[in-house]
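Remarks on the structure that follows.
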Amino acid sequence: MRNLVYLIFGILFGVVMTKGEIVSWFRIHEMFRFESFHMYGVIGVAVVVASIGYLVIKKTGNKAMTGDEINLRIIPLNFKRHLIAGTIFGLGWALVGSCPGPMFILVGNGYFYFLLVIVGATLGTLIYGLIRPKLPH
């Protein structure tokens, strides 16, 4: 039954992302060319909503749907490391036209070539997991 809740939220998330044109390659392209405010507005709203959610969880001590405690910890800023990681993420986003969440939504919308992108992202994550212990902290 719990998985049904996740499925319903996933479908709702996909519908909202699709109707809001957040999965549109053209909208993402406009953002990276500074031609439209649409995506910056969406990202800004997401940051505000996440910040409010973070504060609510921190103040009330809410638990996850599984009943587990939510552990919120702040990762210290490592400028060089985060700049490199953000650049790699941004380049991938700009080249592919999608970040990780919308990749699955695009497959659901019938853009099956995004399955190749998902395979590539999964392989990249696997490789990162293998070399992470050898990377500087």
Side-chain angles (χ1 to χ4, degrees):
M1 186 65 179
R2 188 174 64 202
N3 290 337
L4 182 62
V5 172
Y6 296 135
L7 178 66
I8 291 168
F9 275 109
I11 291 170
L12 181 63
F13 180 69
V15 169
V16 169
M17 295 279 280
T18 301
K19 293 296 184 183
E21 298 181 1
I22 298 160
V23 297
S24 167
W25 181 88
F26 298 105
R27 287 291 188 182
I28 293 168
H29 190 247
E30 285 176 339
M31 176 185 68
F32 281 111
R33 294 186 59 175
F34 301 105
E35 294 176 349
S36 174
F37 180 76
H38 181 82
M39 291 299 288
Y40 294 110
V42 168
I43 292 168
V45 168
V47 168
V48 170
V49 169
S51 298
I52 292 169
Y54 176 84
L55 289 174
V56 168
I57 290 169
K58 191 174 178 182
K59 295 280 185 200
T60 62
N62 283 340
K63 297 183 185 287
M65 288 174 64
T66 59
D68 297 334
E69 279 200 33
I70 299 173
N71 182 10
L72 302 172
R73 62 183 176 92
I74 297 174
I75 300 171
L77 180 63
N78 179 329
F79 186 75
K80 182 179 177 184
R81 179 179 178 195
H82 289 104
L83 181 66
I84 292 169
T87 301
I88 292 169
F89 181 84
L91 285 172
W93 192 7
L95 291 171
V96 173
S98 179
C99 64
M103 291 187 312
F104 296 96
I105 296 166
L106 287 164
V107 170
N109 279 311
Y111 298 98
F112 297 112
Y113 53 85
F114 265 90
L115 289 170
L116 295 173
V117 176
I118 292 170
V119 168
T122 304
L123 286 174
T125 303
L126 177 65
I127 291 168
Y128 170 74
L130 294 172
I131 66 170
R132 183 173 183 237
K134 298 175 181 123
L135 295 174
H137 296 292

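Because the structure is predicted, anything quoted here is derived from the model rather than measured.
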Would Ile74 and Ile57 show up in the same hydrophobic cluster when neighbours are defined by side-chain heavy atoms closer than 4.5 Å?
yes
What is the minimum heavy-atom distance between Phe112 and Val107, and which atoms define it?
CE2-O, 3.7 Å
Give a yes or no on this: more than 12 heavy atoms of other residues, nucleotides or ligands lie within 6.0 Å of atom CZ of Phe26.
no
Can you tell if the side chain of Ile43 reaches within under 4.5 Å of the side chain of Met31, non-hydrogen atoms only?
yes
Report yes if the side chains of Ile84 and Lys80 come closer than 4.5 Å at any heavy-atom pair, otherwise no.
yes
Would you say Met39 and Ile28 make side-chain contact, with heavy atoms under 4.5 Å?
yes
Just wondering, do Leu106 and Tyr113 contact through their side chains at under 4.5 Å, heavy atoms?
no
Which atoms form the tightest heavy-atom contact between Pro102 and Cys99, and what is the distance?
CD-O, 3.2 Å
Count the heavy atoms belonging to other residues, nucleotides or ligands that lie under 6.0 Å from CZ of Phe79, then report whether that count exceeds 12.
no
CE of Met103 to OG1 of Thr122: how many Å apart, nearest 0.5 Å?
6.5 Å
For His38 and Gly20, indicate whether the former's side chain and the latter's backbone hold a donor-acceptor pair under 3.5 Å.
yes
How long is the span from the CG atom in Leu130 to the OG1 atom in Thr125, to the nearest 0.5 Å?
11.0 Å
Which value, rounded to the nearest 0.5 Å, describes the distance between Ile105 atom CD1 and Ile11 atom CD1?
11.5 Å
Could you give the distance from CZ (Phe32) to CG (Leu95), rounded to the nearest 0.5 Å?
9.0 Å
Aromatic ring pairing Phe37/Tyr40, orientation class (parallel under 30°, perpendicular over 60°, tilted between)
tilted
Cluster overlap Ile88 with Leu77, hydrophobic side-chain contacts below 4.5 Å
no
Check whether Trp25 and Val117 end up in the same hydrophobic cluster, where Ile, Leu, Val, Met, Phe, Trp and Tyr are linked by side-chain heavy atoms less than 4.5 Å apart.
no
From OG1 (Thr60) to CG (Leu55), nearest 0.5 Å
10.5 Å
When rounded to the nearest 0.5 angstrom, what distance separates CZ in Phe13 from OG1 in Thr18?
9.5 Å
Evaluate the side-chain proximity of Ser98 to Phe104: yes if any heavy-atom separation is below 4.5 Å, no if none is.
no
Joint hydrophobic cluster, Val48 plus Val45, side-chain heavy atoms closer than 4.5 Å:
no
